[in-house]
Amino acid sequence: MKYKNTALVVEGGGLRGAYSGGILDILADKEIKFGGAAGTSAGATHLCSYLSGQVGRNFRIDTIHSKSPRYMSFRNLLFTGDYFAFDYCYKQVPYKLDPFDFDKFTEECADTEFRVCMTDVETGLAVYPRITDYRNEDEMNYIRASASIPILSNVVEIHGKKYLDGGIADSIPFDPLFKGGFERAVVILTRPLGYRKKLNKGLPLVKLAFRHYPKFVEAVATRHIRYNQALDKLAKLESEGKVFIFRPSRLIKISQIETNKKKIAELYELGKEDAHNKMPELLKFLEG
């Protein structure tokens with residue numbers, strides 16, 4: 001069933017995205033589709049497999065392919081500038097190791113407005129390009145830029161503009177979809193109820209590394225303020241019946257670059273569990 005006036009929004013969070021992967025797999029398995037979708041960082045990459053209809057693919061990437069140091073490692077960072085290796089993650093995995101269904105993705109994106117959030121390094125502002133074809137080099141790079149964590153990634157340059165992690169400017173990109181005409185949204189958060197973001201502890205390093213980009217530094221310094229404002233706005237929209245929120249029902253401590261596959265699998269299973277438990281409420285919301 002496709003709910004054309006409702007959008008699906010997925011927060012980022014690196015390997016915390018395993019939670020989103022569990023929920024997205026249940027939605028895909030039940031063939032619940034939306035008129036729009038937007039994701040930031042890991043939220044954007046997880047939405048790709050959801051839109052291509054490949055249940056379990058994100059879980060395999062998070063727990064099997066990520067075991068390879070060619071996927072993520074400080075060795076990659078040292079020699080290439082990317083903790084998550086570009087060639088391995090965006091070329092080897094989707095084209096050879098765990099083939100991505102490019103045709104199904106393109107077909108779905110023709111009827112689903114899929115946007116990813118990136119941060120413009122020079123302005124510090126969010127940019128939301130629409131994605132329709134992963135095989136298009138620019139669009140693949142938009143997805144890559146959205147998931148490129150500052151300090152752990154090279155700046156992604158596209159047509160002379162520089163981009164990085166969309167979470168810096170907009171961690172939960174629901175606003176552009178509402179402004180674009182969608183009436184309601186299903187939002188997947190990767191933090192439990194009660195979480196409030198604090199000032200980035202790595203700010204001094206960011207100030208040094210991006211000293212030539214003061215607006216980007218300012219965006220990093222104020223990210224926690226915008227994030228907490230977004231949570232407050234979501235709570236209000238939820239009370240008005242315009243938003244349905246998934247968030248971890250219990251805390252599983254996990255980092256953005258988690259290497260403990262057991263914890264990643266536990267978080268994925270929690271996503272599936274929460275999706276099953278909240279399915280009656282979700283369907284009531286969607287049909288409402």
Side-chain angles (χ1 to χ4, degrees), residues 1-13 15-63 98 100-101 103-117 131-132 134 143 146 172-174 177-178 182-192 234 237-238 241-250 252 264-288:
M1 179 69 180
K2 188 155 197 168
Y3 300 92
K4 292 191 175 182
N5 294 323
T6 304
L8 175 62
V9 180
V10 187
E11 179 184 10
L15 272 300
R16 286 196 302 274
Y19 176 77
S20 306
I23 292 172
L24 291 171
D25 276 354
I26 298 301
L27 295 178
D29 191 54
K30 293 185 176 296
E31 298 186 345
I32 296 174
K33 299 181 180 182
F34 303 86
T40 295
S41 195
T45 59
H46 278 69
L47 276 170
C48 289
S49 292
Y50 163 77
L51 289 167
S52 70
Q54 292 176 273
V55 174
R57 185 173 182 274
N58 285 321
F59 179 70
R60 292 194 299 274
I61 290 172
D62 286 344
T63 58
D98 203 319
F100 184 67
D101 192 335
D103 292 334
K104 179 65 185 299
F105 176 80
T106 300
E107 178 187 334
E108 195 63 37
C109 288
D111 193 43
T112 301
E113 183 181 331
F114 175 38
R115 296 189 179 274
V116 302
C117 178
I131 307 297
T132 59
Y134 187 104
I143 297 167
S146 179
I172 316 166
F174 59 91
L177 292 175
F178 275 114
F182 288 95
E183 298 171 1
R184 298 184 300 171
V186 173
V187 179
I188 303 176
L189 302 178
T190 54
R191 300 283 197 175
L234 281 174
L237 290 169
E238 184 180 36
K242 295 178 181 178
V243 160
F244 185 93
I245 300 175
F246 283 106
R247 49 165 55 95
S249 55
R250 65 177 183 274
I252 297 176
I264 294 170
E266 184 182 359
L267 193 56
Y268 170 78
E269 291 299 330
L270 179 62
K272 291 175 65 177
E273 178 186 320
D274 286 353
H276 278 302
N277 290 341
K278 297 192 75 171
M279 189 56 61
E281 295 174 60
L282 174 64
L283 293 176
K284 185 178 179 181
F285 169 82
L286 293 172
E287 299 293 344

Would you say the side-chain atoms of Thr190 pair up with the backbone N or O of Gly12, donor to acceptor, closer than 3.5 Å?
yes

pair Ser49-Leu24: side-chain heavy atoms closer than 4.5 Å
no

Pair Lys4 + Glu183: basic N to acidic O under 4.0 Å:
no

Under the ring pair (Phe, Tyr, Trp, His ring centres under 6.0 Å) definition, can you give me all pairs with a residue in residues 27-57, not counting sequence neighbours?
none

Grab the two heavy atoms, one from Val55 and one from Asp29, that are nearest each other, plus how far apart they are.
CG2-N, 4.1 Å

Is any side-chain heavy atom of Val9 closer than 4.5 Å to one of Phe182?
no

The reported gap from CG in Asn58 to OG1 in Thr45 (rounded to nearest 0.5 angstrom) is 6.5 Å

Closer than 3.5 angstrom, by distance alone: can the side chain of Ser146 be matched with the main-chain N or O of Cys117 as a donor-acceptor pair?
yes

I need the Glu273 CD to Ile26 CD1 distance, nearest 0.5 Å.
11.0 Å

Check: Arg184 side chain, Gly241 main-chain N or O, donor-acceptor pair, under 3.5 Å:
no

Are Lys30 and Met1 close enough that some pair of their side-chain heavy atoms sits under 4.5 Å apart?
no

Would you mind reporting whether Val186 and Leu286 have side-chain heavy atoms less than 4.5 Å apart?
yes

Hey, what do you get for CZ (Arg16) to CG (Leu267), rounding to the nearest 0.5 Å?
9.5 Å

Please confirm whether the backbone N or O of Leu234 pairs with a side-chain atom of Lys242, one donor and one acceptor, at under 3.5 Å?
no

Looking only at heavy atoms, what is the nearest atom pair of Phe114 and Cys48, with distance?
CE2-SG, 4.1 Å

Before accepting this row, confirm whether a basic side-chain N of the pair Asp25/Arg57 lies closer than 4.0 Å to the acidic partner's carboxylate O.
no

Shortest non-hydrogen separation from Ser20 to Ile188 and the atoms involved
OG-CG2, 3.5 Å

Considering all heavy atoms of both residues, which atom of Ile23 and which atom of Gly271 are nearest to each other, and what is their separation?
CG1-O, 3.2 Å

Would you verify whether the NZ or CZ of Lys33 falls within 45 degrees of the ring axis of Tyr3 while also being under 6.0 Å from that six-membered ring's centre?
no

Just verifying a value: how many Å separate Ile245 CD1 and Glu11 CD, rounded to the nearest 0.5 Å?
10.5 Å

Interatomic distance, NZ@Lys278 vs CZ@Arg247, rounded to 0.5 Å, equals 7.5 Å

Looking only at heavy atoms, the pair that brings Tyr134 and Phe105 closest together is N-CE2, 3.7 Å

Please list all pairs meeting ring pair (Phe, Tyr, Trp, His ring centres under 6.0 Å) that have one or both residues in residues 265-288, counting only residues at least two apart or in different chains.
Phe59-Tyr268, Phe244-Phe285

Donor-acceptor contact present, side-chain Thr106 to main-chain Asp103, <3.5 Å:
no

Considering all heavy atoms of both residues, which atom of Ala265 and which atom of Thr63 are nearest to each other, and what is their separation?
N-CG2, 4.4 Å

Any Ile252 side-chain heavy atom under 4.5 Å of Tyr19 side chain
no

Hey, does Leu27 have a side-chain heavy atom less than 4.5 Å from the side chain of Leu8?
yes

Look up atom CD1 in Ile264 and atom CG in Leu15, then write down how far apart they are to the nearest 0.5 Å.
4.0 Å

Can you sort out the partners of Asp98 under side chain to side chain donor-acceptor pair (under 3.5 Å), two or more places apart, ordered by chain and number?
Arg60, His65

Side chains of Lys2 and Thr112: do they bring a donor and an acceptor to under 3.5 Å?
yes

